[in-house]
Amino acid sequence: MSRKTMGLILMMMPLPAQAQIPPPPPLPGQNVLGENLIRSIEAKDLVSYAKLLSDKLVVYDDGKVVARNKEEWLKAFGEKLVAEGVTFEVSPGFSSTGRLLFIEYFNSTGSWGGSLPAHCCWSYDAVAYDVAEGKVTVIRRLRGGDTKLDERGLPAR
């Protein structure tokens with residue numbers, strides 16, 4: 001085989017980036033669990049939310065363990081979830097095998113009384129949910145602060 005022919009064959013071969021194996025699919029039921037998680041948080045439905053959590057749940061807040069099981073987490077977060085005047089929104093997120101990632105928006109204007117500007121008093125947190133056997137087994141919360149940034153990293157208006 002000539003060098004020219006060999007060169008043409010090598011040029012036609014896929015590059016490593018083209019030959020990469022696609023990521024594995026989500027775990028069975030993971031997408032439905034994600035939908036139910038968002039629905040229960042935004043609806044402030046503690047009963048539905050609790051059904052999605054493993055009894056052996058572990059929750060981290062900025063790397064520190066804040067709950068070592070489902071019962072501890074529901075005592076800490078449950079009151080916040082169902083509190084009158086508290087609003088939760090969940091942004092579109094990301095999914096990989098065994099993990100869901102969302103940005104959660106929390107607004108506690110209820111204690112202020114009356115109406116406030118739409119962007120007042122929001123807190124933004126990145127939250128990763130590890131999933132196994134159809135339940136959330138680990139929650140990793142990273143506090144994002146109270147200023148939303150746009151796609152350029154500047155304060156959003």
Side-chain angles (χ1 to χ4, degrees), residues 14-54 57-70 72-132 134-157:
L15 298 173
Q18 295 171 324
Q20 287 183 351
I21 298 171
L27 297 174
Q30 179 174 328
N31 293 338
V32 172
L33 181 86
E35 290 174 25
N36 290 336
L37 188 61
I38 291 171
R39 189 176 300 120
S40 66
I41 291 171
E42 290 186 345
K44 299 168 55 87
D45 183 345
L46 186 59
V47 173
S48 294
Y49 178 76
K51 289 178 183 178
L52 304 173
L53 306 177
S54 165
L57 174 73
V58 178
V59 182
Y60 298 87
D61 195 346
D62 283 332
K64 179 184 171 194
V65 174
V66 295
R68 297 186 192 288
N69 57 52
K70 176 171 140 176
E72 284 182 14
W73 179 239
L74 291 176
K75 282 181 185 175
F77 182 70
E79 289 181 21
K80 183 177 178 180
L81 182 64
V82 299
E84 191 173 332
V86 174
T87 304
F88 287 90
E89 292 181 19
V90 181
S91 74
F94 302 89
S95 176
S96 61
T97 302
R99 177 164 284 176
L100 302 165
L101 176 66
F102 299 104
I103 301 294
E104 291 180 4
Y105 305 94
F106 164 77
N107 189 328
S108 180
T109 59
S111 62
W112 290 80
S115 62
L116 293 170
H119 294 289
C120 174
C121 312
W122 284 93
S123 176
Y124 306 92
D125 297 338
V127 185
Y129 297 90
D130 290 354
V131 177
K135 299 280 186 181
V136 174
T137 57
V138 177
I139 300 173
R140 301 174 198 280
R141 302 183 66 83
L142 294 174
R143 298 287 170 204
D146 57 5
T147 302
K148 186 175 182 179
L149 304 175
D150 66 15
E151 63 280 352
R152 298 167 294 158
L154 300 172
R157 296 177 190 214

Q: Search all heavy atoms of Leu52 against all heavy atoms of Ser40 and return the closest pair with its distance.
A: CD1-OG, 3.8 Å
Q: Side-chain contact test, heavy atoms from C-beta onward, threshold under 4.5 Å: evaluate it for Asp45 versus Arg39 and give yes or no.
A: no
Q) Between Asp125 and Arg141, is the closest basic N to carboxylate O distance under 4.0 Å? A) yes
(Q) Ring-plane angle category for Tyr49 and Phe77, please: parallel below 30°, perpendicular beyond 60°, tilted otherwise. (A) tilted
Q | Side-chain (Lys44) to main-chain (Leu81) donor-acceptor, under 3.5 angstrom | A | yes
(Q) Please give me the minimum heavy-atom distance between Glu104 and Val127, naming the atom from each residue. (A) CD-CG2, 3.6 Å
Q | Heavy-atom pair with the smallest gap, counting every atom of Ile139 and Leu53 | A | CD1-CD2, 4.3 Å
Q. Side-chain contact, heavy-atom cut-off 4.5 Å: Asn31 with Ser95?
A. yes
Q: Taking all heavy atoms of Gly134 and all of Leu33, pick out the closest pair and write down the distance.
A: O-CD1, 3.4 Å
Q) Are Leu142 and Asp62 close enough that some pair of their side-chain heavy atoms sits under 4.5 Å apart? A) yes
Q: Please confirm whether the backbone N or O of Glu72 pairs with a side-chain atom of Asn69, one donor and one acceptor, at under 3.5 Å?
A: yes
Q.
So, taking the atom named CG in Leu46 and the one named CD1 in Ile41, what distance separates them when rounded to the nearest 0.5 Å?
A. 11.0 Å
Q) Does atom CD of Glu42 have more than 12 heavy-atom neighbours, drawn from other residues, nucleotides or ligands, at distances under 6.0 Å? A) yes
Q.
Using a 3.5 Å distance criterion without hydrogens, assess whether the side chain of Lys135 forms a donor-acceptor pair with backbone atoms of Leu57.
A. no
Q: Might you point out which heavy atoms bring Ala132 and Thr137 nearest each other, and give the distance in Å?
A: CB-CG2, 3.9 Å
Q.
Check this for me: Lys80, atom NZ, are more than 12 non-hydrogen atoms of other residues, nucleotides or ligands nearer than 6.0 Å?
A. yes
Q. How many angstroms lie between atom OH of Tyr124 and atom CD of Glu89, to the nearest 0.5 angstrom?
A. 9.0 Å
Q: Could you pull out the closest heavy-atom pair between Arg68 and Val58, with the gap in Å?
A: O-CG2, 4.3 Å
